[in-house]
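The next block holds one structure in the form of structure tokens; read it before the comments.
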Amino acid sequence: FTKKGYLIYHITYGKEKDLPDDIRRIVKTSYLDYNITSAINVKEAGRDIWVVNLETDKKLILARVEDGELEEVGNYNKTM
């Protein structure tokens, strides 16, 4: 919040079960073999952004969904 009480942004943390159905469908369609391990919703200035962590045994993907558009923002190999 600002000093005058206006909301700047709001962040909600959750899991796959907390994703709206349309967002889950967008993510799972592109990442069939990945598990959704966490979901973060950021609401800011009229924007509704979902940041989703996806994992396999060997990979970690960070994806962002806004206005129905999926963007991969991180792709990492796990070390053993």
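Values reported hereafter were calculated over all heavy atoms of this structure, with side chains retained and with hydrogens, waters and symmetry mates removed.
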Joint hydrophobic cluster, I11 plus W50, side-chain heavy atoms closer than 4.5 Å: no
Test item: K58 side-chain N/O and T79 main-chain N/O as donor-acceptor pair under 3.5 Å: no
K78 side chain near E55 side chain, heavy-atom distance below 4.5 Å: yes
Pair S38-N53, side-chain donor/acceptor within less than 3.5 Å: yes
Verify same cluster id: I26, V73 (apolar side-chain graph, 4.5 Å): no
ring-ring contact (aromatic ring centres under 6.0 Å, His included) contacts in which one or both residues fall within residues 51-73, not counting sequence neighbours: none
NZ/NE/NH1/NH2 to OD/OE distance under 4.0 Å, R24 and D21: yes
D33 side, atom CG; L54 side, atom CG - distance, nearest 0.5 Å: 11.5 Å
ILVMFWY cluster, Y76 and V52 together (side-chain gap under 4.5 Å): no
Value rounded to 0.5 Å, distance of CZ in R64 from CD in E71: 5.5 Å
Reported CD1-to-CD distance for the pair I23 and E66, which is rounded to 0.5 angstrom: 10.0 Å
Hphob cluster co-occupancy, V65 + Y34, side-chain heavy atoms under 4.5 angstrom: yes
Distance in Å, D48 CG paired with N41 CG, rounded so as to fall on 0.5 Å steps: 4.5 Å
Test side-chain contact (heavy atoms from CB on, under 4.5 Å) applied to Y31 and L70, step by step: CA-CA 11 Å; Y31 297 98; L70 176 69; 3.8 Å; yes
4.5 Å side-chain heavy-atom contact, K59 and N77: yes
Co-membership, hydrophobic cluster, residues L62 and I49, 4.5 Å side-chain: yes
Distance (rounded to the nearest 0.5 Å) between T37 OG1 and L60 CG: 6.5 Å
Verdict with supporting geometry, K28 and I36, side-chain contact (heavy atoms from CB on, under 4.5 Å): CA-CA 8 Å; K28 288 299 236 177; I36 296 174; 4.0 Å; yes
